[in-house]
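Step one of this worksheet: look at the structure below.
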Amino acid sequence: MADVSPVVPPVIELLDVTRRFGEITVLDSVTLRFPSGLTTAIIGPSGAGKSVLLKVLVGLLKPDAGTVRLFGHDVTEAPERELFAARRRIGMLFQDGALFDSLTVGENVAFPLDQHRRDLAGAERDRRVAEKLEWVGLPGFEDRPIASLSGGQRKRVGLARAIVLEPEVVLFDEPNSGLDPFTSDQIDDLVLDMKRRLGITFVIISHDIVGTVKVADLVGMLYEGRLVEYGPTADFVRSGNPIVKSFLRRNLAPPVSAFDPGEGR
Ligand SMILES: Nc1ncnc2c1ncn2[C@@H]1O[C@H](COP(=O)(O)OP(=O)(O)OP(=O)(O)O)[C@@H](O)[C@H]1O
Ligand SMILES: [Mg+2]
């Protein structure tokens, strides 16, 4: 377990993190703290470095400078064994879904259990898988092939797999990408439900402002590798920063009333 200091520490911290690929600085001195029990969203345009940030958070990519702490452990210094233990406390949903097409839904959801909880007997393992599938609204889907699922169902399976170990933190890259507004909304509701049920600290990467405002307690915006704004959601949406204002304006759907044929229908 991480040390518990008198003031509850953030579960994840990035301190002055820089990451380059060749000539390009993808993350430029980013400092961010993700407080326990809250949902933090990171938004920003395509190529801003959001997915790279998520991979740096869990040690899949190393920063060129700066420090990343998971539960108080420096991931750049920690031996692989310690990282493995920390990752068990973190569920991850990658942007491309990354479900294993050759496995069934049940085998996909069981995957983290098979890696980290080999002590669990078959019946208990199956019970946990069934429970998580039920939580995400896919009861009895264990034997379904991945190829038979819709985009929204795939996101749900990804979420079930990410929470099967009942992690303290879930990192979710683009929960709403490729989904229609109705299905997006259902995924947002699931995130809120998992936060309530398990007290999960969520880190959500998103383009979707509407979903972000609904689920996030805190919002940060990455732009060209820099964190240009960060704060409570209510403050963020009123930001005077021209980059934030422009991004919000472009990404908010026009009001439905603009298309409403109205009384004369
Ligand atoms: N492994 C890599 N090697 C070289 N360049 C990379 C690598 N991974 C990411 N990049 C570059 O880093 C930049 C940021 O990529 P990233 O995937 O973080 O963007 P993003 O903000 O998640 O965008 P999107 O919203 O489209 O998912 C891009 O220019 C990308 O080409
Ligand atoms: Mg991305």
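Start at 1 with the first residue, then count along the sequence. One-based numbering, in listed order, for ligands and for the atoms of each.
By the 4.0 Å heavy-atom criterion, Gly44 is excluded from the residues contacting ligand 1. At least one heavy atom of His207 lies less than 4.0 angstrom from ligand 1. Ligand 1 lies less than 4.0 angstrom from a heavy atom belonging to Pro45.
Counting only protein atoms, the N, O or S atoms lying less than 2.8 Å from the Mg ion (ligand 2) are Ser51 OG, Gln95 OE1, ordered by chain and residue number.
Atom 17 (O) of ligand 1 has its closest protein heavy atom at Ser51 CB, 3.5 Å. Ranking the protein heavy atoms by distance from atom 23 (O) of ligand 1 puts Gly47 N, 2.8 Å first. Nearest protein heavy-atom contact of atom 25 (O) of ligand 1 is Lys50 NZ, 2.7 Å. Here the heavy atom of the protein found nearest to atom 26 (O) of ligand 1 is Ser46 OG, 2.5 Å. For atom 12 (O) of ligand 1, the nearest protein heavy atom (residue, atom name, distance) is Val26 CG2, 3.2 Å. The protein heavy-atom contact nearest to atom 27 (O) of ligand 1 is Gln95 NE2, 2.9 Å.
Here the straight-line distance linking atom CG of Asp114 with atom CZ of Arg118 works out to 8.0 Å at 0.5 Å rounding.
Taking any N or O of Ala48, backbone or side chain, at least one lies under 3.5 Å from an N or O belonging to ligand 1. Backbone and side-chain nitrogen or oxygen atoms of Phe21 are examined, and none is located within less than 3.5 angstrom of a nitrogen or oxygen of ligand 1.
The minimum heavy-atom distance between Ile146 and Leu103, with the atom names listed, is CG1-O, 3.4 Å. Annotation for Val164 and Val109: closest pair CG1-O, 3.4 Å, computed over non-hydrogen atoms. Counting all heavy atoms, side chain and backbone alike, Leu133 lies closest to Ala160 at CD2-CB, 4.3 Å.
Leu99 and Phe111 are members of different hydrophobic clusters when ILVMFWY side chains are connected at heavy-atom separations under 4.5 Å. The same ILVMFWY cluster, assembled from side-chain heavy atoms under 4.5 Å apart, contains both Leu61 and Leu57.
The pair Arg89-Glu166 does not meet the salt-bridge criterion, since no charged nitrogen lies less than 4.0 angstrom from a carboxylate oxygen. Note on Lys195 versus Asp217: salt bridge recorded, some NZ/NE/NH1/NH2 to OD/OE distance being below 4.0 Å.
The number of heavy-atom neighbours closer than 6.0 Å to CZ of Arg87, taken from other residues, nucleotides and ligands shown, is above 12.
Figure legend: Arg161 and Phe100 shown as a cation-pi pair, the cationic atom lying under 6.0 angstrom from the six-membered ring centre and within 45 degrees of its axis.
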*Could you go step by step and tell me if Arg19 and Asp28 meet the salt bridge (Lys or Arg N to Asp or Glu O under 4.0 Å) rule?*
CA-CA 7 Å; Arg19 170 72 205 210; Asp28 192 357; over 6 Å; no
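In this structure, Lys155 contributes its side chain and Glu174 its backbone to a donor-acceptor pair below 3.5 Å.
Of the candidates Leu61, Leu54, Ile43, Val52, Val52 brings a heavy atom nearest to atom 16 (P) of ligand 1.
Atom 30 (C) of ligand 1 is never approached by the protein to below 4.0 angstrom, counting heavy atoms only.
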